[in-house]
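Below is one structure, written out as structure tokens; the observations come after it.
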2 protein chains.
Amino acid sequence: MSDHGLRDKKKVATRQALAEAAFQLAVEHGVDGFVVEDIGVKAGYSRRTFANYFTCKEDAIANSLSLNDYMEPGDQFSFSLKDHTPLSTIEVFIRRSFTINKLKRLKGLISLSREHPTLRLYVTGALMEMQDFAARGIADAYGSDYPEEYYPILMGAVFGAVLPVIDGSFDVNLPEDEENEAGNEFNQYMDIVFAHLRKGFK
Amino acid sequence: MSDHGLRDKKKVATRQALAEAAFQLAVEHGVDGFVVEDIGVKAGYSRRTFANYFTCKEDAIANSLSLNDYMEPGDQFSFSLKDHTPLSTIEVFIRRSFTINKLKRLKGLISLSREHPTLRLYVTGALMEMQDFAARGIADAYGSDYPEEYYPILMGAVFGAVLPVIDGSFDVNLPEDEENEAGNEFNQYMDIVFAHLRKGFK
DNA sequence: CACAAAAATGCACAAAGGGCAATTTTTCCC
DNA sequence: GGGAAAAATTGCCCTTTGTGCATTTTTGTG
């Protein structure tokens, strides 16, 4: 049998090394202040290898946010099977996913995106992938307990409402200490978001 | 005084001509089946001029959807000042914006995007611009009648819930006759979407 | 350890992106 | 209407990308 576990792990590592190098170079020299070659040098790979993992610089920079590494669909949503509704399941998923470190990286990406429309596209694209991931997980978990069209609408509404954070129109202040996950401003904003989503709009 | 009206109109026309040419070429030969030069030839401009209007092919193709041309923020949301809530205002805006012709173009873009992640990014980007446009209009129209954070959340939720259509996971069947705007499947889907948004999620 | 599969690399070439300067077109103002 | 100013279009040029293909190197298996 083929257990390519180790090989796959190395591929992920390569991908992350390249993305991380790309992000750091972008912070240091601006998104347009370096070339793909530089990423390769910094990460210890060739230009050609970079092209095997990413389509362009922006792709690599944005995906340094790897929001969905370490996530396994089954794991992430197993808690949802009892005592939870789809909405509260997503709520837990979102709050768990945006750790302080992720939010810090996100802030960096947002400020880079501010004057760089193309990068902005790739950053929102990364979020969309996270949304797809969550949508699949939720749909698997709840099956036919809700009308067919419920999940895509719910998922869209939730992630749409989170977008202002990603997009930078809502500016999240982050605490210095990594430990204080629960009380950060992102979670306060989520309180408001989910309250609105539960109550409905007018 | 500087009345650049005619000049601006010509710029818009040029932009649209290039975008339209790009879209048609994409339909005929596939997104990767032609080069920027071809777009210029088809639209009657040079490669260099194309670069003045768009960053790449995908940018041009996606923006052939020009959802927000002919829109003036003031005009579009003037009806909102009486008898409407923010949500119902957006609802009218959305239903008005997605005419049969726009939806047809959107379907074309979706099928092109299906196997082309980069184009997909640019198409959702075009929708985001529409969202920004609507967000500004709505915020102007309602000012301080609602809590400060209300509009971005509402706007995000609405456009997020519309995204499945854009994204192609909801497939809209369109009537042959252009006249039948009200009863098309898109509007039926919107009925469900806005019902959920009003009622709230659980 | 040797063999097969897969990843990284090198090479080459068509194409993209964009600065700069020249040219053409549009607008402004008398 | 005509000439000056502003803006749009274009050509030129050169660096950077993207990618197919062949080759080398690394990894996993028996």
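Letters A, B, ... mirror the listed sequences (proteins, then strands); counts begin at 1. Computed over heavy atoms, backbone and side chain alike; hydrogens, waters and symmetry mates excluded.
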Could you state the [atom1]-[atom2] distance from [X] to [N], rounded to the nearest angstrom?
X      : N       : atom1 : atom2 : value
N52(A) : dT17(D) : CG    : P     : 16 Å
Y53(A) : dA6(C)  : OH    : P     : 13 Å
K11(A) : dA8(C)  : NZ    : P     : 7 Å
K9(B)  : dA8(D)  : NZ    : C1'   : 17 Å

Would you call [X] and [Y] a salt bridge, using N to O less than 4.0 angstrom?
X      : Y      : answer
R47(B) : D38(B) : no
E37(A) : R48(A) : no
E28(B) : K42(B) : yes

Donor-acceptor contact present, side-chain [X] to main-chain [Y], <3.5 Å:
X       : Y       : value
K102(A) : S97(A)  : no
R120(A) : R114(A) : no
T85(B)  : S88(B)  : yes

Does NZ or CZ of R198(A) fall inside the cone over F201(B)'s six-membered ring, less than 6.0 Å from its centre and within 45° of the axis?
no
For nucleotides 12-21 of chain C, just jot down a letter per nucleotide in 5' to 3' order: B, S or -, based on protein non-hydrogen atoms under 4.0 Å.
B--SBBBBB-
Write out a two-atom table: protein N or O, nucleotide N or O from nucleotides 23-27 of chain D, distance below 3.5 Å.
unit_1: dT27(D); atom_1: OP1; unit_2: K10(A); atom_2: NZ; d: 3.1
unit_1: dT27(D); atom_1: O2; unit_2: R7(A); atom_2: NH2; d: 2.7

Phosphate OP1/OP2 of dA8(D) contacted by T14(B) side-chain N/O (<4.0 Å):
no
Below the 4.0 Å mark, does dA8(C) have OP1 or OP2 next to a side-chain nitrogen or oxygen of S46(A)?
no
Name of the residue among V35(A), V31(A), I39(A) meeting side-chain contact (heavy atoms from CB on, under 4.5 Å) with L25(A)
I39(A)
If we check ring pair (Phe, Tyr, Trp, His ring centres under 6.0 Å) with H196(A), which of these qualifies: Y150(B), Y146(B), Y151(B)?
Y150(B)
To the nearest 0.5 Å, what is the distance between CG (L197(A)) and CG (L197(B))?
8.5 Å
Five pairs per end, C1' atoms only: what is the angle between the end axes of the helix from dC1(C)-dG30(D) to dC30(C)-dG1(D), to 10 degrees?
40°
Side chain to side chain contact (heavy atoms under 4.5 Å, CB included) between I94(B) and V158(B), worked out
CA-CA 9 Å; I94(B) 298 256; V158(B) 170; 4.0 Å; yes
